[in-house]
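Below: the structure, in structure tokens.
Quick caveat, the model's predicted, so the values are computed rather than measured. Naming: A, B, ... by sequence-line order, numbering from 1 per chain.
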Amino acid sequence: VKPQLVVNGRTRELGEVGGHVTLLEWLRESGLTGCKEGCAEGECGACAVLVARDDGQNGTRWTPINACLVPAAAFDQQEVVTAEGLGRPGRLHPVQREMAERGGSQCGYCTPGFVCSMAAEYYRPGRHPAASSSGQQGASGQNGAAGQNGHVNGGRPAAEDEHGPNGFDLHALSGNLCRCTGYRPIQDAAYALGQPEADDPFVARQAEPAPAPAATTTTSDQGRYVRPADLTGVLDLLATHPDARLVAGSTDWGVELNIRHARADLTIGIDRIAELREFGFGPDYIDLGAALSLSEIETRLAGRVPLLAEVFPQFASRLIRNGATLGGNLGTASPIGDTPPALLALDASLVLASAEGERQVLLADYFTGYRQSVRRPDELIKTIRLPLPLAPVTGFHKIAKRRFDDISSVAVAYALRLEEGRVASAQIGLGGVAATPLRAVAAEEALRGRPWTRETVADAAEALAGVGTPMSDHRASQAYRIAMLRNSLLKFFAENQEEVHS
Amino acid sequence: MSKGYGPLADRPDRPVVGLAVSHESADLHVTGDALYTQDLVGRTLGTLHAWPVQAPYGHARLTGLRTEAAYRVPGVVRVLTAEDVPGLNDAGEKHDEPLFPSEVMYYNHAVCWVLGETLEAARQGAAKVEADYEQLPALVSVHDAIQAGSYQGHQRTVSRGDVAAGLERAAYRFTGELEIGGQEHFYLETQAALALVDENGQIFLQSSTQHPSETQDIVAHVLGLSAHQVTVQCLRMGGGFGGKEFQPHGLAAIAALGATLTGHPVSLRLNRNQDMQMTGKRHPFFATWEVGFDQDKRLCALRATLTANGGWSLDLSEPVLARALCHIDNAYWIPDIEVVGRVAKTNRPSNTAFRGFGGPQGMIVIEDILGRCAPALGVEPHELRHRNFYSPGQATPYGQPVRHAERLEAIWTQCTERGDFTRRQAEVAAFNAAHPDTKRALAITPVKFGISFNLTAFNQAGALVHVYKDGSVLINHGGTEMGQGLHTKMIQVAATALGVPMSTVRLAPTRTDKVPNTSATAASSGSDINGGAVKNACDQIRARLAMVAAGQLGVHPDDVRFCDGIVTGIGFHDKQIAWADLVHDAYFRRVQLWAAGFYRTEGLHWDAERMQGEPFKYFAYGAAAAEVEVDGFTGAYRLRRADIVHDVGDSLSPLIDLGQIEGGFVQGVGWLTLEELLWDESDGRHRGRLNTQTASTYKIPSFSEMPPRFNVHLFEQATESGVVYGSKAVGEPPLMLAFCVREALRQAAGAFGPAGWSVELGCPATPEAVFWAIEAARAAAAAPRPAPAYAGV
């Protein structure tokens, strides 16, 4: 079978795209120019499209991703919908209609991407109108009435700021940037959406299974893309090509491709490999498949790991989390990834697999230097394993300029056990303060066994401020990073003072 | 019919202007059908792609350039160098901006361009070009330039009265300085041009440009052609914000040169990183000041020096500086004043127009002064601001009467009332008393912004309106669409002037062969001047049709009324003619059904050397109040609520104006709080490099910066006489409404300190900058006796 995919309901041949043609480039060259390049690194969302993904329950979820980051080859036998495919002028999709009528577009360049992100949230099965609270009827459904002389949105409580009366989660749009509108009319459009009609074809499609992954090989003059059928195929290929580039969500590699023009002779697609997508919640540990997207993990954990539940909304954007994987976040061994501090605090282990077999390493022993780890070139991360029971007092502090979709200057994750007013155990993971993510051992020791009091915390905060080797760069100064380490623990204490009594 | 505001401002019955309608391209935007310059490439056969060779030095002499190796890359077609330029090697009009430089003037400056059959081939070819450089010392910051005495253009002074005497007279005197950060435009669509050689050697250029006529002029002089041999079209832009007023020209010229030399269409599009590395931004400014207040805490004198970091060439730096000098007063009467302005020449991309055009950098100086001095004067900041407002009859330091100063007062009052300012102040105080680690603050600031180009000649515009035999109308004007809704407003103006429904009117993309000698779509003037021209053309056509209709209706031509596609006599409607029938009839009577319209803004004069005159047609006014909450542990903050009252005259298009106000405000919030351009100022190898040159390191506002409560009110009964249908310009002024957010952050940081503590706050006020302001305030609170930040004299 020739590599092909279904775009907006029509089957198109993929062609010999190799590993370096992105889905965005491919779509635009196919004439679908609604999909735009705004930044080429997954920050702006102008390239967002919908792909049909397995929902974990034998159905499909319309999942928005950044088309600029992913190899087109990864979509062999898959289904993609762009803004052009949602509706046409004269018969707009409900999302398009709300955006158009409420002033949601000005220059229009970011709009097709917004429309795709918004449509995915429109079709999210769990999106239901909030239970109408008394006295709020006036506000629900008519937030943001734009009249002849301005706009007033009433007194929505702050806690509801990020969810509409129709259940729309504003975080669905956290990966889309607009430079014109100031976002208010886009929010109005999102919050005005009703439920899809019963005969909506996109709803009907969600009830059917997602397209199965296909074993794929495509070669261009710039390299080969191979998606083996199973893990054995991946490991065998990796054994003979240890310099191959493993790509799952491509949220890091896509940036390398576009911004630094990196090229790989062999790209191995591992995003749909079943063995890497397993999810297990046992009595002693939780197993998270390395190629599950963060969104999939978020859905399947459903808040059962509170520390991770706190990390997810702060990790990049929904568009990125729909592709990004724990395996990728750990595989790059970047010191500023947001999951390593949390996974360190959770005392995670990694299962590394190669053609020779599997081994388990503690995450605390995994990182060896700047973007370096104990993982051998012929190995990949198969599973992330979290031991149970979880420490009950947790927190994640991310210091960044922007609240949505930014990279940490400092990230601190806490997992503490408090017993009878004392710190029974303390695990603190840090990012952004050294060449690797690391545990704040000195601060942990300053807490362990001592009473959970302001004095203890002040001592430990001093110890925390001395951990690592923070630098000055374009995200923050060294002095600010050190101050944030110190203040993070003080803030964590302020947030958890009452825990001593519980 | 006449409401007494003059023929331009009066509206007929049931006008189409004033209706809240969506953007004219909204349906195309949301479906992805709207075409931008780069979208045409796949629709243009055989297009070549251009890629720059960028110098890895902040300042260097180019001593050698060898291109042979590039030609060995498969797919490379041509390398463009200085030798290829048949005309003038200059991307600007001041002869200080060589298109192909012999001296590298900033880090990543393009020294030549490679054309390839694919973008990949061009990129690989560019990597093979060998260039030799002799590194030179680079001036990066404005302070480097001040120390080296490196300036460009004219130094200007705005003055009135005797500033020395004014300062002597003052009961309180303060001095200070302020670093004002720049701002990347971050239009979602980066710079793009597509050139092809048309029939008979004519160059046809599709360009994402706010100034097609100037793009045309510069392409012509680079190619050694006359203007009539070059046509520039701009379909629409994916955002401009001033960044496409001057900067597209050189890029278009490269594409046109490539098309001329190869015979192929040539596409040039900067990717995001290249755009951030190579194009100019909002000017950073450095200000020093000395200010005096009298016993009543009224401003009596201001002496200041503003130094703009212009980058490597003049570009638009002089007019940007002029506008800064003309806006340092913002809304305040300053009797004795002397403000000196100069443009530093540095090794950075050439800074350029950006929404507000220097106005924001001037206005922030006085807002910063008032915010810093209020605690030392023992006055609430909002009270200090209000007390110093212009009164009717007063004039600006450059001699222009402040017409409608009373509107400022009315808008301020409305803003405080609608924002429930007094009650919320008490709430904020109560919250702060109960929360040692979190503080809130509420601040309100005014805007007065002059409308018109400072350069009088630019205040003219043209339009071309066709009525076809079937009654359909096609309009064309000199303004460009970058999302601001200009085309929507122009359709509304034409529909109003001709008395037809909006659906009768279509607007064709901006082209220099339709309307010549256009001004940039800039200075917020787009609807004022192009609207005047469109209306003028429509009025001519309507007058001719009225003659035809008068005969049929048996009335005097002056008594013919056009409304919603129906033509009647005044007062009685038993006889009526359908618009299309009248047009059809007029054609057969050989009546001209098209017209060229023209508009010039009346009453302007400006002496650019003395910096005196009346450069502005009117002032746009507004006020905004913001409430913020600041985390004392981190300096992180949230904008909780914003209330805006803004004066757009009688709105031509309320939904469009609302979008401009909200979008401008949030963009201003970005400039003042979040967006930080950081340059390598070390002595290392990469001195002069922009360290925040990607979307992942330069953060523009996202959904998280939108205030969850965002109330905007258009000031009512605001007819502006002498402007099209009584409206006012709206593009730029709302950006400066965002000052209230920075002032609220200042006050929130101050709430961690002792009473009377004056907060110095970085600009942008990033979480880190706010954190250091909090730390300073806390240190003062902890000190035995807080040292006053300023000494009264």
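The pair B:Lys699-A:Asp405 fails the salt-bridge criterion, with no side-chain N (NZ, NE, NH1 or NH2) lying under 4.0 Å from an Asp/Glu carboxylate O. Remark: B:Glu120 engages A:Arg263 in a salt bridge, criterion side-chain N to carboxylate O under 4.0 Å. Taking a cutoff of 4.0 Å between a charged side-chain nitrogen and a carboxylate oxygen, B:Asp27 and A:Arg97 do not qualify as a salt bridge. Checked for salt-bridge contact, B:Glu676 and A:Lys401 meet the test: a charged N lies under 4.0 Å from a carboxylate O.
Between B:Met237 and A:Cys107 there is no side-chain heavy-atom pair separated by less than 4.5 Å. Between A:Cys110 and B:Leu188, some side-chain heavy-atom pair lies under the 4.5 Å cut-off. Residues A:Asn487 and B:Thr634 fail the side-chain proximity criterion, which asks for heavy atoms closer than 4.5 Å. A:Arg88 places a side-chain heavy atom less than 4.5 Å from the side chain of B:Asp33. Within the 4.5 Å cutoff, side-chain heavy atoms of B:Pro767 are placed close to those of A:Tyr480. The shortest distance between side-chain heavy atoms of A:Arg403 and B:Arg638 falls below 4.5 Å. Here the side chains of A:Lys36 and B:Asp39 are in contact, with some heavy-atom distance below 4.5 Å. Side-chain atoms of B:Pro701 and A:Arg179, non-hydrogen and from C-beta on, do get closer than 4.5 Å to each other.
Proximity to chain A involves both the backbone and the side chain of B:Thr694, based on heavy atoms less than 4.5 angstrom apart. Residue B:His185 touches chain A through its backbone alone, counting heavy-atom pairs closer than 4.5 Å. Heavy atoms of A:Ser477 lying under 4.5 Å from chain B belong to its backbone as well as its side chain. Interface residue A:Glu41: only side-chain heavy atoms are found under 4.5 Å from chain B. Interface residue A:Leu177: backbone and side-chain heavy atoms are both found under 4.5 Å from chain B. If you measure heavy-atom distances from B:Ser25 to chain A, you find no contacts under 4.5 Å at all. Of the two parts of B:Ile656, neither the backbone nor the side chain holds a non-hydrogen atom closer than 4.5 Å to a non-hydrogen atom of chain A. A:Gln222 touches chain B through its side chain: at least one heavy atom from C-beta onward sits under 4.5 Å away, while N, CA, C and O do not. In this structure, the portions of A:Leu490 lying under 4.5 Å from any heavy atom of chain B include both its backbone and its side chain. For A:Ala316, no part sits under 4.5 Å from any heavy atom of chain B, backbone or side chain. With a 4.5 angstrom heavy-atom cutoff, B:Gln124 touches chain A only via side-chain atoms. With a 4.5 angstrom heavy-atom cutoff, B:Glu768 touches chain A via backbone and side-chain atoms both. Contact of B:Val666 with chain A is made through the side chain alone, with heavy-atom distances under 4.5 Å. Proximity to chain B (any heavy atom under 4.5 Å) is restricted, for A:Arg28, to the side chain, taken from C-beta onward. Proximity to chain A (any heavy atom under 4.5 Å) is shown, for B:Arg641, by neither the backbone nor the side chain. Proximity to chain B (any heavy atom under 4.5 Å) is shown, for A:Ala40, by neither the backbone nor the side chain. Neither the backbone nor the side chain of B:Phe665 comes within contact range of chain A, judged by heavy atoms closer than 4.5 Å. B:Asp657 does not touch chain A: none of its heavy atoms, backbone or side chain, sits under 4.5 Å away. For B:Glu24, no part lies under 4.5 angstrom from a heavy atom of chain A.
Aromatic ring pairs are classed by plane angle as parallel below 30°, tilted from 30° to 60° and perpendicular above 60°; the pair B:Phe703 and A:Tyr183 is tilted.
Taking CZ from B:Arg709 and CZ from A:Arg184, the interatomic distance works out to 16.0 Å, rounded to the nearest 0.5 Å. To the nearest 0.5 Å, atoms CG (B:Asp680) and NE2 (A:His474) are separated by 12.0 Å. Of the inter-residue distances, the one linking B:Phe710 atom CZ with A:Asp188 atom CG reads 11.0 Å to the nearest 0.5 angstrom.
Between A:Phe404 and B:Ser702, the closest heavy-atom pair is CB-OG, 3.4 Å. Scanning all heavy atoms of the two residues, the minimum distance from B:Gly238 to A:Tyr109 falls at CA-CB, 3.9 Å. What you find for B:Tyr36 and A:Gly108 is that their closest heavy atoms are OH-C, 3.0 Å.
For the residue pair B:Gln660 / A:Gln106, a side-chain donor-acceptor distance below 3.5 Å is found, with atom types taken as modelled. The closest side-chain donor-acceptor pair between A:Ser105 and B:His29 falls under 3.5 angstrom.
A donor-acceptor pair under 3.5 Å links the side-chain atoms of A:Gln96 to the main chain of B:Val30, judged by distance alone.
When each of A:Ala400, A:Ala479, A:Ser488, A:Ser30 is scored by its heavy-atom pairs under 4.5 Å with chain B, the top score falls to A:Ala479. No other option in B:Ala695, B:Gly42, B:Gly485 has as many heavy-atom pairs under 4.5 Å with chain A as B:Ala695. Most heavy-atom pairs under 4.5 Å with chain B: of the set A:Ala100, A:Gly34, A:Gly42, this distinction falls to A:Ala100. If you tally non-hydrogen atom pairs under 4.5 Å between each of B:Gly663, B:Gly239, B:Ser704 and chain A, the highest count goes to B:Ser704. Contacts with chain B were tallied for A:Glu84, A:Glu43, A:Arg402; A:Arg402 has the most, counting heavy-atom pairs under 4.5 Å. Contacts with chain A were tallied for B:Ala34, B:Ala26, B:Gly632; B:Ala26 has the most, counting heavy-atom pairs under 4.5 Å. Counting heavy-atom pairs under 4.5 Å between each of B:Ala127, B:Gly670, B:Gly240, B:Gly659 and chain A puts B:Gly659 at the top. Among A:Ile259, A:Ile407, A:Val95, the residue with the largest count of heavy-atom pairs under 4.5 Å with chain B is A:Ile259. Annotation: maximal heavy-atom pairing with chain A below 4.5 Å, among B:Asn273, B:Val41, B:Thr692, occurs at B:Asn273. For the set B:Phe633, B:Phe241, B:Phe186, the entry with the most heavy-atom pairs within less than 4.5 Å of chain A is B:Phe633.
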_B:Leu119 vs A:Glu25, side-chain contact (heavy atoms from CB on, under 4.5 Å): CA-CA, chis, key distance, verdict_ = CA-CA 11 Å; B:Leu119 194 61; A:Glu25 290 167 338; over 6 Å; no
_For a salt bridge (Lys or Arg N to Asp or Glu O under 4.0 Å) check, start with the C-alpha distance between A:Lys491 and B:Asp631, then their side-chain angles and the critical distance, and finish with the verdict._
CA-CA 10 Å; A:Lys491 184 178 168 78; B:Asp631 173 22; 2.9 Å; yes
*asked:* Run the side-chain contact (heavy atoms from CB on, under 4.5 Å) test on A:Cys180 and B:Tyr187 for me, step by step, so that the C-alpha distance in whole Å, both residues' side-chain angles and the decisive distance to 0.1 Å come before the verdict.
replied: CA-CA 8 Å; A:Cys180 296; B:Tyr187 25 64; over 6 Å; no
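Residues that satisfy the salt bridge (Lys or Arg N to Asp or Glu O under 4.0 Å) test with A:Arg260, not counting sequence neighbours, are A:Glu256. Residues passing the side chain to side chain donor-acceptor pair (under 3.5 Å) test with B:Arg272, sequence neighbours excluded: none.
Within 6.0 Å of the CZ atom in A:Arg454, the count of heavy atoms belonging to other residues, nucleotides or ligands does not exceed 12.
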